[in-house]
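The structure under discussion appears below in the form of structure tokens.
Below, chain A is the first sequence line, B the second, and so on; all start at residue 1.
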Amino acid sequence: MRRLSRAWLRRVPRAAWVCAAVACLNAVCWSVLTPPFQSPDEPDHFAYVKQLAETGHRPTSAVSSLTATPEIEDALQGLRYFEVRAQPRHHTIASQAEEAQLQVELASIHEHPAERGSRAAGTATSEPPLYYALATVPYSLSGSILTRLQLIRLLSALMAGFTALFTYLFLREALPGAPWAWCTGALAVALVPLLGFISGSVNPDSMLFAVSAALFFGLARGFRRGLTPRLAAAIGGVLAVGLMTKLNFIGLVPGAVLGLVLLTVRASRLRGRSAYRDLALACTIAAAPVAIYVVVNSLSGHPAFSIVSAGVGSRLSLHELSYIWQLFLPRLPGMGSDFPGLFTARQLWFNGYVGLYGWLDTTFPSWVYTLALLPAAAIAALCVHGVLTSTGALRPRLPEFGVYVVMSIGVLALVGASSYQSFPRLQAEFAEARYLLPMLPLLAAVLALAARGAGRRWGQTAGVLIVVLFLAHDIFSQLLVVGRFYG
Amino acid sequence: MTTTATENVGAVADDRAVPASRSGRRARWALLLGMLALMAGIAFVLSGSPAVLARANGVEPEEGLASIRSRASVCQASESLPRDTTAIVAWLGASTGPSVAAEVLAGGRVLARGEHASGWSGRSVTIPVKAIGPVSSATICLSFTSAHETVYPRGAASAPASAATWNGRALPGRFTVEYLTRGGRSWWSRASATIEHMGLGRSPTGTWAAIAALILMVAISVTASGLLLRELR
């Protein structure tokens, strides 16, 4: 097994490792720039790690960790967290006196250790434990809460590297004819500021992005080279890891299962019934940890499928479908308006992708979002041109693209259905662009196709300009965050 | 790596067949010019001044004064705008806020107006206006052109006579407003203070944070450029 994985690692091109290093370093940079706990839900995710590391048990209370965990609360007070969060005019602590006060708060935590663990982990409570279990390793390397936080952030940054690595490998399988375009797509993804920001904080999304990219890679490899028992086991393993990482991964599962079925049917034409054994193997591996999770939850008195239990068996209403549609796309005739005066695709998703950092409180001036439409439109036009000029070659691969579309719809539907639960009290509770980042490999494919769409003479030039554009976006986003928190 | 018969199924045309030298040269020039443009852009941004808080109206954002979920206009009199006000920060809470139009009125005239598009979130919204001020006794009016989610003006209780109004009716208090102006010092001149500031509130403390971030970004830029040069030959 070890020999196999070593051989596989040796076959990964150097360019893929470089893209991974760029993504990892970028996330490390974001982890340094973002003040402690000033990213979405970071205190809750940290509380989950604390509970798991100190007690060996998962948190049980969905009460916010901000006030329920004395150690975290003391640190947050010292950091002026409550004054800074969601208040863009307020900066982090800026004087030696405030720093001294923080050190007093931190010292008091050590002198009077609070209760072990944190039963309350707010929104993180319902999440599966794999990312948090990994995070207990860096957590245990230090005794100071701020050092622990930074060490876990570095673990997340490592995940960003895996995201870029698998994105490169996905492109190599999905667009085999254009090696330079793999580099364009994967480097651009490595420099996506939102990936760096989230992967530079304590957040299981960082691992979710990496596992999702691995899943896209596995399926693309299957469609290009055929399903083998080893690949089926690998895809099953990735599904298992994804399901134990974050609930949002469930959105990708229907598409992945469809992909496995299509690959099995195709393989059965060559190998007969043995191909179905591969499908069974993949499904068994994927389902095993979920089954354990359900048993553990049931025995410990929790809902069997955690927070998902609420949705199990519930039916989609027409209004919910209409809401989910409008959350991403313009309203169709006959639909009631759930977002009057709001162009959701642009104002929630595009603007959220272009620049929304911190606790969703750090934004560019509004003209930047308008300006960003220009390169986005150019990339979209080039991508369409790239697809149209390759229609003949792409047509036989429609089933594969269908699988990616179903995976994407699954992610969107999950975000929409989750937001609908709090509608109309909140218009779009989960309308955060980070929830779409499991589809980063598809963004990379769009960028690679856009570069190819510029034609043979200008394709590489377009590829270079796309990477420079993403680098610029990344750097200006970092300057924005520096100005907001330390300016 | 073993190549199977299915390997090239659906592969789009192989670009390696294209004569590389000329397109590679173009790509290298694009990289050089792109990086130069990026550096110029960074220098330009850093030579600008950040907006700074010129004045707040002294009302603490202690509580939500109302729950507004319709087209509405909220006005507050007796506001004092400092010289060269370039943006108004209104303390409004929402998760997906509606578009907000702000007007500054004095003596029955509209002195300035600005607007912020819908889709914002948080506890405050910053509305840019053309530079005005000083104005000693102005009325600030905020209009929600299409409220699709509840908006909470945040402020503190006050006497009814000085309270803000919602469509002409008195609210239980005044809402918090801050006025921003263009700062006098560029980012360049604030660099050392910013670097020092970045070193606080973390472990270990010190200027390492800013220096590490700078080194990392340079390393990322150089590595990405190097990879592009190698791959786009």
Report yes if the side chains of [X] and [Y] come closer than 4.5 Å at any heavy-atom pair, otherwise no.
X      : Y      : result
A:Q427 : B:T150 : no
A:L33  : B:M198 : yes
B:R123 : A:Q87  : yes
A:V464 : B:W29  : no
B:L46  : A:L479 : yes
A:L106 : B:S203 : no
A:W180 : B:L228 : no
A:E98  : B:L200 : no

Does any backbone or side-chain atom of [X] lie under 4.5 Å from a heavy atom of chain B? Answer side chain, backbone, both or neither.
X      : value
A:Q103 : side chain
A:C183 : side chain
A:S366 : neither
A:L469 : neither
A:L360 : both
A:S95  : backbone
A:E400 : neither
A:L187 : side chain
A:R425 : backbone
A:I93  : both
A:V467 : side chain
A:L426 : both
A:F343 : neither

Pairs involving residues 478-487 of chain A, ordered by first then second residue, that meet salt bridge (Lys or Arg N to Asp or Glu O under 4.0 Å) (sequence neighbours left out):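 Matches after skipping sequence neighbours: A:D361-A:R484.
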Polar contact flag, side-chain donor to acceptor under 3.5 angstrom, B:S118-A:Q347: yes
Any residue of residues 52-61 of chain B which, by heavy atoms, sits under 4.5 Å from chain A: none
Aromatic ring pairing B:H197/A:H91, orientation class (parallel under 30°, perpendicular over 60°, tilted between):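 Ring orientation of B:H197 relative to A:H91: perpendicular.
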Under 4.5 Å from a heavy atom of chain A, the part of B:W120 involved: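 Interface part for B:W120: neither.
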Side-chain donor or acceptor of B:R202 paired with backbone N/O of A:V32 under 3.5 Å: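 At least one qualifying donor-acceptor pair exists.
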Exercise: identify the closest heavy-atom pair between B:T96 and A:A428: OG1-N, 3.8 Å
Closest contact, heavy atoms only, B:G201 versus A:E99: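 The pair with the smallest heavy-atom distance is N-OE1, 2.7 Å.
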